[in-house]
Amino acid sequence: MSTRRNRNGGIVVLTNRNALAVVTAAVIAVFSSGTLHAGPLMFGVVGSPIDLSANVSESILPGDPIFQDSMPIFGTEPDPKQSAELLHISGTGVNGSGRSTNISDAFASSLAESDGNGGVGVSQLIFGSPGASGDAVRQLVAQSLWTQTFVYNGTPTVNITLHLQIPALQVGLIGVPPDRTTMSAAETAQAKAQVDTVITHADGTFEKGGSFEFGLNEFERQLFLAPGHFENFADIGVFGANATLFQSLKFNGDEFNPSWSVNAVSTTVKLGTLQTGDTLAYVYTLTAEGTTHGFERGYLAFLGDPFGVDVVSDNLGVTVDLADVDVPEPSVSGITMLGLAALALWRKRARRSVS
């Protein structure tokens, strides 16, 4: 039989013949009652300031990026707020998303702020060639990243949990022809939130900690129906196995410009269980990306607001609590001795109060 780490308890002694039983039960409760729950950075967990980064790139695939930029900021605090923000305007294509209407050209934008707010977005509609011969496609990518490290100097085994407020997302394809006489290229759009964790132990070994994915991947399929008759349609895939996070999934009903969206959601991710000397580092990433072969087709993908107008608060929150671990069960003789000692102490105090 095993017990779990407990809350702080006390010994209760009654003035009847069941006193010893009650005292013994109270002592057992010290070893077996529920797990402590605490606020952030308890029990000797030391958290570092947050490093953040905004990143954008444009590529003609296959091939290396033709443009990329990154803006990292190290050692930030929620207050005063610091921001990493990038906007890349593409020289190919237009903004066909219906969002950010003050930007007419295709773009990729990323925002990461030290209070956890941020967003990513890409939009590109190309009327001609994507810029290269053959079966090339043009791609825009925007990413926002937050990284934080925790060092554990305490003694009891603890859990670290990350609470997320994930902003609303949208993916869409522009110009999906329902009927074609020949094979045609397919477009893609993707928006995803992701958490990755690494735990380094005191002996230098490391292991993968808790992970999380949430997002949508929209892509174009083409069916061969008969010679000279092809049908194109948009399909949707999901990142993550938690179906409750997709309860607000909505289709815009437009088969030619199909778009899907999910409202903002909140969730918790167990990053890992730490022992003395362990170090835990997590990376929270927002990604928006898309590809198009051009010729009146394009995409849009947004996760949150990359221009900072729609602010989502409490995006990142860390909680530390004691882990449920097996501890040796006290022997019956040990419990009995503790109970007898407590009972003797109570009797001694009772005699003094009477005299």
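Throughout, numbering of the chain's residues begins at 1 and tracks the sequence.
- Of the possible donor and acceptor atoms, one in the side chain of Ser259 sits under 3.5 Å from a partner among the backbone N and O of Val171.
- In this structure, a donor-acceptor pair under 3.5 Å is present between the side chains of Ser83 and Glu113.
- Donor-acceptor pairing under 3.5 Å is lacking for the side chains of Thr287 and Gln194.
- No side-chain N or O of Gln82 forms a donor-acceptor pair with one of Thr76 less than 3.5 Å apart.
- Looking at Ser48 and Gln148, their side chains never bring a donor and an acceptor atom within 3.5 Å of each other.
- In the model, Asn95 has no side-chain atom that pairs as donor or acceptor with a side-chain atom of Ser104 under 3.5 Å.
- Looking at Thr291 and Thr188, their side chains do bring a donor and an acceptor atom within 3.5 Å of each other.
- The CZ atom of Phe212 lies 7.5 Å from the OH atom of Tyr284; values are rounded to the nearest 0.5 Å.
- Looking only at atom types and distance, the side chain of Ser211 has no donor-acceptor partner in the side chain of Asp196 under 3.5 Å away.
- Taking the six-membered ring where the residue is Trp, Tyr282 and Phe150 present parallel rings, their angle staying beneath 30° rather than reaching 60°.
- No hydrogens or angles considered: nothing links the side chains of Ser110 and Asn55 as a donor-acceptor pair under 3.5 Å.
- When the side chain to side chain donor-acceptor pair (under 3.5 Å) test is applied to Asp254, no partner is found at least two apart in sequence or on another chain.
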